[in-house]
Number of protein chains: 2
Amino acid sequence: MGDPARTLALLWRHEVPLPARRGPRPRFSVDDVVDAATALADADGLEALTMRSVAERLGVSAMGLYSYVPGKDELLDLMLDAAHLAMPRPPWRGGQGWRERVAAVADANRALFAAHPWAAWVSSARPPLGPGTTAKYDHELAAFDGTGLADVELDAALTFVLGFVRGVARAGESEPEQDAAWWAESGPLLAQVLDVDRYPRAVRVGAAAGEAQGAAYDPGAAYRFGIERVLDGLEALVARGS
Amino acid sequence: MGDPARTLALLWRHEVPLPARRGPRPRFSVDDVVDAATALADADGLEALTMRSVAERLGVSAMGLYSYVPGKDELLDLMLDAAHLAMPRPPWRGGQGWRERVAAVADANRALFAAHPWAAWVSSARPPLGPGTTAKYDHELAAFDGTGLADVELDAALTFVLGFVRGVARAGESEPEQDAAWWAESGPLLAQVLDVDRYPRAVRVGAAAGEAQGAAYDPGAAYRFGIERVLDGLEALVARGS
DNA sequence: CATAAACTCCGTACGCTGTATAGTGTTCCC
DNA sequence: GGGAACACTATACAGCGTACGGAGTTTATG
């Protein structure tokens, strides 16, 4: 889409120096736009984030945003990088083992998606390599200190952990109320059509899972189960000595 | 959105018996519509799948589709269930261990997303509990026979495996050509801004990973790395004896 | 056999999206 | 003071899903 160099310059706020600029002074900063968009997406979700809605929140016409941002995709990149920059990066204490640290990384990302559910849905094809994402990457890599993993495996391991957390965040976007209504309306027909003889395991396990978590999918349970598997899986790799 | 009961009836093809129907005979079956939409999405991606494009492929006006399908969301549900139904379900042989079988489940899902990349992107909030998805669920649960896991854990384990494969499929949607152009245009500015002293691990590991896989993300490598971690993680759970 | 109901299918239209384009007014450099 | 660069606006366009009203076809019912 847009010009990568322009996007990168924007991410790192490489602006033209102020005294050299002509024309009326901008009423906002790029961060004002990013903050307005983030507040909107936090409150009402990505589908409510339109150029018009952001513009209205700032008291500007829709096209006025394009003085600050090349387009919506770039705005989303800026939002994500800003959210990454705002994440806490407590220094890893020596007493912690890598497993404890990586678990903390996962928890921090889960908290990110809890605060900004939209963040799980912005494209990862072209990661916004801005100051936030870079600092996050560096900090999270440090959590693996002591594992003895080679650099390539380090990246793979972190990608694996982050992919898991993001997957859970993406899967947990349905509303519990709607879930209940869905089951109420679908139950009778489902009971009629789900033949226990044809699908013995599906019926048995599906019923058990549905009853245990009160819904078809429980993000909390999926996270608690999955993060242990993720860490155990990494532990096997580390124990094997790279 | 739509009526869940209507959607379910459609998924299971609970139609009104033919002789009792008035009006002109439908020119197509629901499967004709689903197949046309699937062919389109396979060839040109989800963003090319519009009600108008599906209709044109069938030689019908856009609104004509609504005789067969309540809306686009339901069409996507039908497409996904049909794709699930078409997956091979070879009987698990006794000689296989559960690890081998679960790896086969993961491979089969990876093949599904290779054939139908759009399938990784249809909403999982309301899984289309049709004949395909149900048969797939039942068959994949059977892969865990011998693990001794309780029903709730069985569902969690399968969800964990499928979530991983889907995450890799979703992440691997960027074009390699665009990747190269992106790096070429971004490289100079990135080199200037990525301070080795501020982000020592990020620069080192990022460079190693980028060089090793020739791109910021290599789905094949991510899958091969991740599936071993997933299976190791499950193995730790199984070894622990539930 | 006529009529009404049910059905397929079409054309038009609406509100919504991101953003291209043209134009207006402000500010600074020369 | 003139011209260039800039912020900002209003209008417009193509594309989306789909609501609506109507036309034509088939069948059940009086």
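Note that the structure is predicted; figures quoted are calculated from it, not measured. Letters A, B, ... are given to chains in the order of the sequence lines, protein chains preceding strands, and every chain is numbered from 1.
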Can you list, in residue-number order, the parts of residues 41-53 of chain B that come under 4.0 Å of DNA chain C, counting heavy atoms only?
R52(B)

How many Å lie between OH on Y66(B) and P on dG21(D), as a whole number?
17 Å

Base, sugar-phosphate, or nothing: which does F28(B) touch, judged by heavy atoms less than 4.0 Å apart?
nothing

So, does R27(B) get its side chain near the phosphate of dC9(C), meaning an N or O under 4.0 Å from OP1 or OP2?
yes

Using a strict cut-off of less than 4.0 Å between a Lys/Arg side-chain nitrogen and an Asp/Glu carboxylate oxygen, indicate whether E56(A) and R52(A) qualify as a salt bridge.
no

Return the set of residues passing salt bridge (Lys or Arg N to Asp or Glu O under 4.0 Å) with D35(A) (not counting sequence neighbours), or none when no residue passes.
none

Check: D218(B)/Y223(B) side-chain N/O donor and acceptor closer than 3.5 Å:
no

Sequence neighbours excluded, which residues qualify as salt bridge (Lys or Arg N to Asp or Glu O under 4.0 Å) partners of D155(B)?
none

Nucleotides 21-30 of chain C: protein proximity per nucleotide (B base, S sugar-phosphate only, - neither; heavy atom, under 4.0 Å):
B---BBBBS-

More than 12 non-hydrogen atoms from neighbouring residues, nucleotides or ligands closer than 6.0 Å to CZ on R198(A), yes or no?
no

In whole angstrom, give the distance that lies between atom CG of L65(A) and atom P of dA10(D).
13 Å

Salt bridge (Lys or Arg N to Asp or Glu O under 4.0 Å) against D77(A), all qualifying residues, sequence neighbours excluded:
R126(A)

Should Y68(A) be listed as having a side-chain N or O under 4.0 Å from OP1 or OP2 of dC8(D)?
yes

For the pair made of CD in E56(B) and P in dC10(C), what is the distance, rounded to whole Å?
12 Å

Is a side-chain donor or acceptor of T133(A) paired with a backbone partner of L129(A) at a separation under 3.5 angstrom?
no

Not counting sequence neighbours, which residues clear salt bridge (Lys or Arg N to Asp or Glu O under 4.0 Å) with R13(A)? List them please.
D31(A)

Interatomic distance where NZ belongs to K72(A) and P belongs to dC16(D) [whole Å]:
17 Å

